[in-house]
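We use all heavy atoms of the structure for the numbers below, so side chains are in, but hydrogens, waters and symmetry mates are not.
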Amino acid sequence: MTDSIPIDTPERPERNLHDTLDSLAHTALARATHGLSPVSGLLAWQDWALHLAISPGKRRRLVDKALDKQWRFARYALGATATARCPNCIEPLEQDRRFSDPAWQQWPFNLIHQGFLLQQQWWHNATTGVRGVSRHHESLVTFAGRQWLDLWSPANFVPTNPEVLQAIARTGGRNLWQGALNFADDLQRQILDQPPAGTEAFEVGTNVAVTPGKVVHRNRLIELIQYEPATPDVYAEPILIVPSWIMKYYILDLSPHNSMVKYLVEQGHTVFMVSWKNPGPDDRDLGMDDYRRLGVMAALDAVAAIVPRQKIDAVGYCLGGTLLSIAAAAMARDGDDRLHGITLLAAEVDFREPGELSLFIDESQLAWLESIMRDKGYLDGWQMAGAFQLLNSRDLIWSRRMREYLLGEREALFDLTAWNVDTTRLPFRMHSEYLRRLYLGNDLAEGRYRVDDRPVVLGDLRAPMFAVGTVRDHVAPWPSVYKIHSLCGGAEVSFVLTSGGHNAGVVSEPGRPRRSFQIATRAPGARYVDPQRWRDDTPVQQGSWWPSWQEWLARRSSGRAAAPSRGGAATAGYAPIADAPGTYVRER
């Protein structure tokens with residue numbers, strides 16, 4: 001396979017002593033920084049600082065803004081002293097809930113939090129809009145500034161947080177004692193490499209991932225689960241779900257009340273699920289094409305044998321959707337027409353605008369990550385989870401620690417949060433190829449991604465598509481997911497934009513409160529509509545998007561048929577091996 005960007009993999013060993021020395025040094029430094037590249041951050045800071053130093057107009061504008069904010073704060077302070085109902089001089093961002101408690105409107109905490117928000121806004125102005133700074137470096141500096149300010153938020157300290165002071169007065173300080181116990185428990189669990197408190201209440205196969213089924217195929221990389229039918233007859237076309245292997249598959253089969261698998265089975269669909277193996281050091285050489293062949297294609301072959309003479313509705317979630325798109329494009333190129341429809345759930349195929357996740361992806365950062373992976377043969381799941389937490393550190397790190405360590409309140413885990421800490425590892429070769437070819441090179445969207453030494457093009461796809469983006473997605477921003485419209489102009493595309501984030505927006509079962517979505521279908525060859533106009537023109541519907549998707553699947557079905565036997569006919573060669581959820585999902 002020819003790569004547009006060179007990849008340093010186990011199959012390309014160091015050629016001499018000098019390369020080996022560099023590799024050892026980088027590995028040692030990467031361990032010390034937990035895989036984060038200090039060089040990348042330093043280059044970003046230098047780019048911003050030097051360009052700011054030669055921009056007198058920008059510096060004068062910042063001085064003017066500082067004086068304006070001081071004047072606004074002084075007027076607010078005088079008004080707040082005179083009346084208890086003085087309007088704020090600055091409002092938090094919509095997603096910032098740190099100062100939503102009424103106690104923050106009391107003196108002097110109203111002055112404290114308003115002053116902090118004004119300062120936060122000024123630093124955003126300072127780190128953006130500096131002429132000459134590269135877009136990536138500007139994003140890095142802005143992100144780092146926000147992380148630093150979030151660290152020093154008045155909500156994080158006892159004397160400046162009225163909620164904590166009220167709790168101390170109410171409990172006689174027991175909240176701080178309980179918070180210290182919570183901190184000690186978390187520290188002990190981290191040292192002993194144990195899961196967070198509360199996860200023991202959720203056990204795979206006991207109260208999560210409990211939809212009945214059988215493992216009907218197993219290879220080095222996947223177990224394929226066929227779920228038991230729940231209706232006398234089923235829609236003719238089976239559904240194959242390809243989840244991401246960054247996390248365990250059972251996000252789509254959580255508790256019975258919010259299991260997508262259970263919902264589909266109860267609606268009369270035959271459902272198959274790929275369960276990925278959790279890779280270890282021996283799997284360091286597994287690459288993206290191995291995941292395509294041993295994952296998507298092996299699963300498709302099994303489903304086609306178990307349900308013969310029927311096309312397949314394929315579903316891909318997150319990275320699983322990206323891989324499914326690659327496999328589908330290669331199938332279209334080669335005349336393989338087994339796909340009846342393609343559903344992509346929060347999955348990117350164009351990585352030019354991947355959101356803030358791109359902050360962790362540049363040449364320097366990848367070199368650091370590859371140094372860590374070269375040492376172990378894989379990337380630890382906690383490192384990927386840590387990057388995701390940093391993207392929303394205000395809620396996932398600081399607000400949580402304030403509640404648990406200062407207020408002494410343990411937030412009870414629920415099924416989705418318990419799943420979120422059930423991390424997986426990523427093989428060295430696959431992760432390098434994924435980041436370099438897709439994130440850095442954008443090879444798939446630009447027609448350079450090669451399968452069997454020939455490029456694949458998403459424009460070859462003709463099967464109807466159903467794509468889902470989520471409003472608050474930090475991993476796959478919905479405008480990036482929306483680009484499927486321009487890349488697959490020859491296919492019918494039904495696009496859904498749903499409330500929630502990357503996980504909660506997808507796991508959005510009927511009956512869940514405060515859910516809404518927008519949906520519209522574009523005919524093959526229709527004119528392109530940009531994302532913002534699409535959002536403005538498409539009506540909002542209340543509730544879950546799942547019924548709309550199920551109606552899309554049902555409307556296109558060729559009819560109903562008897563449910564296939566588990567593993568198909570005896571001649572199919574896919575007899576049941578084990579009960580669902582199988583063995584791979586339990587691997588740590």
Problem set entry | Arg450/Asp453 under salt bridge (charged side-chain N to carboxylate O under 4.0 Å, His left out): CA gap, chis, key distance, verdict | CA-CA 5 Å; Arg450 303 176 78 87; Asp453 207 30; 3.6 Å; yes

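- Put simply, the side chain of Arg333 gets close to the backbone of Val451: a donor and an acceptor are under 3.5 Å apart.
- Listed by chain and residue number, nothing satisfies the side chain to side chain donor-acceptor pair (under 3.5 Å) test with Asp282 (two or more places apart in sequence, or in another chain).
- Of all the heavy atoms in Trp48 and Val141, the pair that sits closest is CB-CG2, 3.9 Å.
- By the salt bridge (charged side-chain N to carboxylate O under 4.0 Å, His left out) test, Arg454 pairs with Asp334, sequence neighbours left out.
- Distance alone, capped at 3.5 Å, is enough to place a donor-acceptor pair between the His485 side chain and the Tyr482 backbone.
- Panel note: side chain Arg352, backbone Ala445; no donor-acceptor pair is recorded below 3.5 Å.
- Between Arg437 and Asp289 there is no salt bridge, since none of the side-chain N atoms of the basic residue sits less than 4.0 Å from a carboxylate O of the acidic one.
- For Asp185, the salt bridge (charged side-chain N to carboxylate O under 4.0 Å, His left out) criterion is met by Arg189, Arg410, not counting sequence neighbours.
- Using modelled atom types, no side-chain atom of Thr417 and backbone atom of Leu413 make a donor-acceptor pair closer than 3.5 Å.
- The only member of Lys277, Arg425, Lys248 that meets side-chain contact (heavy atoms from CB on, under 4.5 Å) when paired with Glu587 is Lys277.
- Judged by distance alone, the side chain of Ser275 and the main-chain N or O of Tyr584 form no donor-acceptor pair under 3.5 Å.
- Under the 6.0 Å cut-off for aromatic ring centres, Phe202 and Trp419 do not qualify, their centroids lying 6.0 Å or more apart.
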For this session: In sequence, state the C-alpha distance, the side-chain angles, and the governing distance for Trp152 and Phe157, and then conclude on ring-ring contact (aromatic ring centres under 6.0 Å, His included).
Result: CA-CA 8 Å; Trp152 294 105; Phe157 301 95; 5.7 Å; yes

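- Distance alone, capped at 3.5 Å, is enough to place a donor-acceptor pair between the Thr127 side chain and the Trp123 backbone.
- Residues satisfying the side chain to side chain contact (heavy atoms under 4.5 Å, CB included) test with Ala209, not counting sequence neighbours, are Val204, Tyr249, Tyr250, Asp253, Pro581.
- For Leu151, the side chain to side chain contact (heavy atoms under 4.5 Å, CB included) partners two or more places apart in sequence, or in a different chain, are Trp148, Trp398.
- In this structure Ser153 satisfies the side chain to side chain donor-acceptor pair (under 3.5 Å) test with no other residue, sequence neighbours excluded.
- Listed by chain and number, the residues in a salt bridge (charged side-chain N to carboxylate O under 4.0 Å, His left out) with Glu200 amount to none (sequence neighbours excluded).
- Of the N and O atoms on the side chains of Ser480 and Glu348, at least one donor lies less than 3.5 Å from an acceptor on the other residue.
- Every residue two or more places apart in sequence or in another chain that forms a side chain to side chain contact (heavy atoms under 4.5 Å, CB included) with Arg59 is listed here: Leu52, Pro56.
- Judged as a side chain to side chain donor-acceptor pair (under 3.5 Å), and not counting sequence neighbours, the contacts of Tyr317 are Asn503.
- Between the CG atom of Asn156 and the CG atom of Asn161 there is a distance of 8.0 Å, given to the nearest 0.5 Å.
- Formation of a donor-acceptor pair under 3.5 Å by the Glu433 side chain with backbone atoms of Gly287 is not found in this model.
- Distance check, rounded to the nearest 0.5 Å: CG of Leu344 to OG of Ser325 gives 4.5 Å.
- Partners of Thr583 by side chain to side chain donor-acceptor pair (under 3.5 Å), not counting sequence neighbours, listed by chain and number: Glu223.
- Closest approach of Tyr439 and Val475 over heavy atoms only: OH-O, 4.3 Å.
- Here the closest non-hydrogen pair linking Asp460 and Ala332 is O-CB, 3.7 Å.
- In this structure a side-chain-to-backbone donor-acceptor pair under 3.5 Å is missing from Gln120 to Leu149.
- Annotation: side chain of Leu117 is not in contact with side chain of Leu93 (no heavy-atom distance under 4.5 Å).
- Judged by distance alone, with hydrogens and angles left aside, the side-chain atoms of Gln194 form no donor-acceptor pair with the main-chain N or O of Gln188 at under 3.5 Å.
- For Asn125, the side chain to side chain contact (heavy atoms under 4.5 Å, CB included) criterion is met by Leu62, Lys65, Lys69, Gln121, not counting sequence neighbours.
- Between Leu323 and Met288, some side-chain heavy-atom pair lies under the 4.5 Å cut-off.
- For Trp478, the ring-ring contact (aromatic ring centres under 6.0 Å, His included) test picks out no residue, with sequence neighbours left out.
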